[in-house]
Every structure is written in C-alpha cells, then in structure tokens.
Participant: 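Got a structure here, written out as structure tokens. Questions coming.
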Amino acid sequence: ERNQGFPAEVRHPGQFRLTGPTRTDAEIVLGHGWSLYCLDVPGDRAIFVELPENTDLSTAPFVYGAQFHGAVRAATLPLGILPDLAREVEEAPNVGLLMSTGRCGSTLASRIFTQIPGVWSLSEPDWFTNLAFARFDLADEQRDSLIAACTRLTCRPPTGMQVDAIVLKPRSEMMIQAAAYVEVLKDLHAVFLYRDCFGYVNSLYRFSQRVQGVKDPAPGSGPWEIGRQLATINAPAKVLAEYFGSVEDIQLVDLMALGWALRMRAYLEARSGGMSVAPLHYDDLTSDKRLQTGVLLESCGLDARHLEIAMKGFDRDAHSGSAGENAIAAEPISDAQRARVAELIA
C-alpha cells in the first residue's frame, strides 16, 4: 500500500507499506522492470521498485511519481552492496546531466531530449535529492562511491531499447554537490540551467500553490516546513537564523529567495573551483528556442541533425500530467513580496 503525502515530497521508504519480506539475491534488482527509487542514508539502505511490464520512465514528467504510483514490489538492500551491483551493469556510452536552480526550464529540457530517437531522458530520479539531504552525514568517499554506483544503476533503459545517450535531470537540490558529480563522472556532459531570482521565486510560488493547495502557509506549519526543508536542502534549522535572525516571521517567499541564493552560490563556488559546465539561462531558452536548443544538444554531446525533432519538446506543457501542471490556476507574487525578495537578495 502507499502513503501519499505531499505530491512532490522527497522520496523515502515510509511512502510504502510493505508485506512481510522474502529474502532473495540482491541481483533481482538488476532484472527487467526494476529501478532505484530512493536512498535511506540514515537507515543504510537503498529502495528499488519493480514496475509493470513495458513501463518506460522516460515518458513520465517526474520519475519519482511514476515509480511511486506504479510500484508492484519493492526490495531493500544495504548501501554497501550498490558498488558491486553497479559493476554488473554495462557502462552507458554517453551520459548528460541537466543541473539547475529549478523553475528554469529543466523539465522542458528533459522533454526536449525525450523527442530524440536513441536518447533516454529521465526527469528527477530522487536518489540525487537523498544524497543532497544526507550531505552532513556522508564522508566524501562514501558520497562519491554512491554517486558512481547510483548513476550506473539508473542508466539502464528498458530491455530492447537502442540507446545512444542517456540524460539525467535531478531536482535542483543536487546543486549543493554539483562539483562532486562532475569530478566522479569523468566523461559527463553537464549543463546548468538557471534564471533570475524574481522569475524563480514567482514560478516556485505558483508551483507551491498547485501542489500544496495553500498560498501563504503560516511559519511553522506543515507546508511551510516542507518549503524550509527544500529551500535549505535539509540544512539544520539554525541555518535560517544565520540568514534571517529571528525565525518567527519568515514567509514562504523568503525561503524561496534563500533557496535560489544557495543554488546559485553552489554553482558559482563549483565553477570557481574548476568545474566545467555549460550555463543556459531560461530567458534565452524561451526567447530564442531554436538557437538555444542547439546549444543544449551540443552541450550534451548531440549534434544539430537532431534539432528539428528536438523542437517538438516545446509543443506541450512539460509538467502536463503532474500535480504542478501550468493549467492549474495560481497567483503570482505581490508587489510587496517582490520588494521583500529584492531586499533579501540585496
């Protein structure tokens, strides 16, 4: 059975109620239909799920949602087994990583790649987020080992599918560890999608209304706590005091502004440390679709012959079919909220 909470909550084992366990070989999760669902770092285990036959996760707006709703069985494995399991998986020939601030066209970019024959594009497998949330509890060596193992275990397209390239689009929280991914995955093609702070906050504010059903949750309430956790990438609560002083009247848009700043800072720090990643601004992608789509393809190791078919990714809402689809009405930030965001960023 399933315990459905906040539709976009970070994946964790408590989302399933499982029947009594049966012991079996760990290699079962390398079989057809199985995929990595989440990492439970405090519990030292990984959760894999088996999906119905012919399920293709590349067609889902968000992988974690398709896994949650489609799962028929689950398997739990100790984290220490993953590197050995990963060595049994053939290494993907060409892997692209779409990193982002969030709310900047990254889901659209993933859909663009889905149009191209021979490209398998996955939007938001959530083990990336689990690693980001657990960063204070992981030694660098364990983090790097899990990055390598989980990437290889994720890059397993459906049986019989001919794949020339695989593109992974994590949630924005993974930016806090961006440099580690580029360092560990040596042959990686990587892109960083971003947008200005006001556009980010306004888009996230509307998205939050769609998936939570509340516009301005009271500080300390459940929806506010979810916003705090996601914005600070699960940092301890004392982080808020470092930025805001008193935490009694921190509004949702304040948290969103902080979330943008943390993600942008993580990118800038990684770049100054030598990380080589192609940046792509949301406004450029939407104002000059053809040119910037070409840049996107090139940055992920694909040539211009795919451009025409890739452009079909713009034909419909990339969030269609999810709780946050743009057809759902939501209010933008007010003038007062915009002024507050400007004050905070300054």
Side-chain angles (χ1 to χ4, degrees), residues 56-63 89-102 104-125 128 147-148 150-172 174-175 178-195 267 270-271 274-320:
D56 181 0
L57 289 172
S58 73
T59 65
F62 304 108
V63 163
V89 176
E90 184 178 356
E91 189 172 4
N94 180 15
V95 178
L97 186 63
L98 301 180
M99 301 188 290
S100 74
T101 59
C104 59
S106 58
T107 305
L108 167 61
S110 182
R111 293 304 93 194
I112 286 171
F113 282 108
T114 298
Q115 311 304 310
I116 303 172
V119 177
W120 196 54
S121 182
L122 297 181
S123 175
E124 302 193 7
F128 289 93
I147 285 174
C150 292
T151 300
R152 186 172 286 200
L153 290 167
T154 300
C155 292
R156 297 189 302 129
T159 302
M161 178 181 288
Q162 182 61 43
V163 169
D164 302 315
I166 295 174
V167 178
L168 304 177
K169 195 275 286 190
R171 297 203 211 197
S172 65
M174 69 80 60
M175 280 307 303
Y181 284 88
V182 176
E183 177 63 27
V184 172
L185 306 174
K186 298 294 187 183
D187 297 324
L188 184 75
H189 295 282
V191 178
F192 174 63
L193 295 109
Y194 69 106
R195 73 188 301 175
Y267 167 71
R271 189 181 69 173
M275 183 181 78
S276 179
V277 173
L280 181 60
H281 197 289
Y282 174 75
D283 288 349
D284 294 335
L285 181 62
T286 55
S287 64
D288 195 340
K289 297 177 182 178
R290 179 171 295 275
L291 176 62
Q292 297 303 320
T293 299
V295 171
L296 182 65
L297 297 184
E298 181 182 359
S299 299
C300 284
L302 299 171
D303 59 49
R305 65 189 172 89
H306 300 294
L307 182 58
E308 290 304 323
I309 193 166
M311 292 296 294
K312 294 183 180 297
F314 289 94
D315 289 350
R316 70 186 185 97
D317 177 13
H319 290 263
S320 179

Participant: Working to the nearest 0.5 Å, report the span between CZ of F113 and CG of L108.
Facilitator: 10.5 Å
Participant: Is any side-chain heavy atom of S58 less than 4.5 Å from a side-chain heavy atom of V119?
Facilitator: no
Participant: Which value, rounded to the nearest 0.5 Å, describes the distance between D288 atom CG and D283 atom CG?
Facilitator: 12.0 Å
Participant: In residues 158-170, what donor-acceptor pairs under 3.5 Å come from side-chain atoms, sequence neighbours left out?
Facilitator:
from	atom 1	to	atom 2	distance (Å)
T159	OG1	H32	ND1	3.2
K169	NZ	T107	OG1	3.1
K169	NZ	E124	OE2	2.5

Participant: If you measure from CZ on F314 to OG1 on T286, what distance do you get to the nearest 0.5 Å?
Facilitator: 8.0 Å
Participant: What residues, two or more places apart in sequence or in another chain, satisfy ring-ring contact (aromatic ring centres under 6.0 Å, His included) together with Y282?
Facilitator: none
Participant: If you round to the nearest 0.5 Å, how far is OG of S123 from CG of L98?
Facilitator: 9.0 Å
Participant: State, to 0.1 Å, how close L185 and A148 come at their nearest heavy-atom pair, and which atoms those are.
Facilitator: CD2-CA, 4.3 Å
Participant: Determine whether a donor-acceptor pair (N or O, by modelled atom type, separation under 3.5 Å) exists between the side chain of S299 and the backbone of V295.
Facilitator: yes
Participant: Any donor-acceptor pair under 3.5 Å linking the side chain of T114 with the backbone of S110?
Facilitator: yes
Participant: Looking at CG of L296 and NZ of K289, how far apart are the two atoms once the value is rounded to the nearest 0.5 Å?
Facilitator: 14.0 Å
Participant: Give the minimum heavy-atom separation between W120 and R156, together with the two atoms involved.
Facilitator: CH2-O, 3.4 Å
Participant: Go through the steps for L285 and T293 under the test side-chain contact (heavy atoms from CB on, under 4.5 Å), then give the verdict.
Facilitator: CA-CA 7 Å; L285 181 62; T293 299; 4.2 Å; yes
Participant: Can you give me the closest heavy-atom contact between R111 and A60, atom names plus distance?
Facilitator: NH2-O, 3.3 Å
Participant: Between R305 and E308, does at least one N-O distance fall below 4.0 Å, as a salt bridge requires?
Facilitator: no
Participant: Has E298 got more than 12 heavy atoms of other residues, nucleotides or ligands less than 6.0 Å from its CD?
Facilitator: no
Participant: Would you sort out whether Y267 and M175 count as a side-chain contact (heavy atoms from CB on, under 4.5 Å), showing the intermediate values?
Facilitator: CA-CA 7 Å; Y267 167 71; M175 280 307 303; 3.7 Å; yes
Participant: How long is the straight-line distance from CG of L188 back to CD1 of I147, given to the nearest 0.5 Å?
Facilitator: 10.5 Å
Participant: Kindly determine whether V95 and D187 satisfy side-chain contact (heavy atoms from CB on, under 4.5 Å), including the steps that lead there.
Facilitator: CA-CA 8 Å; V95 178; D187 297 324; over 6 Å; no
Participant: Name all residues meeting the ring-ring contact (aromatic ring centres under 6.0 Å, His included) criterion together with H189; count only those two or more places apart in sequence or in a different chain, and write none if there are none.
Facilitator: none
Participant: Considering all heavy atoms of both residues, which atom of R195 and which atom of T101 are nearest to each other, and what is their separation?
Facilitator: N-OG1, 4.0 Å
Participant: Report, as yes or no, whether the 6.0 Å neighbourhood of atom CG on D303 holds more than 12 heavy atoms from other residues, nucleotides or ligands.
Facilitator: yes
Participant: Can you find a pair of side-chain heavy atoms, one from V277 and one from R271, that are under 4.5 Å apart?
Facilitator: no
Participant: Please lay out, stage by stage, how T154 and V63 fare under the test side-chain contact (heavy atoms from CB on, under 4.5 Å).
Facilitator: CA-CA 11 Å; T154 300; V63 163; over 6 Å; no
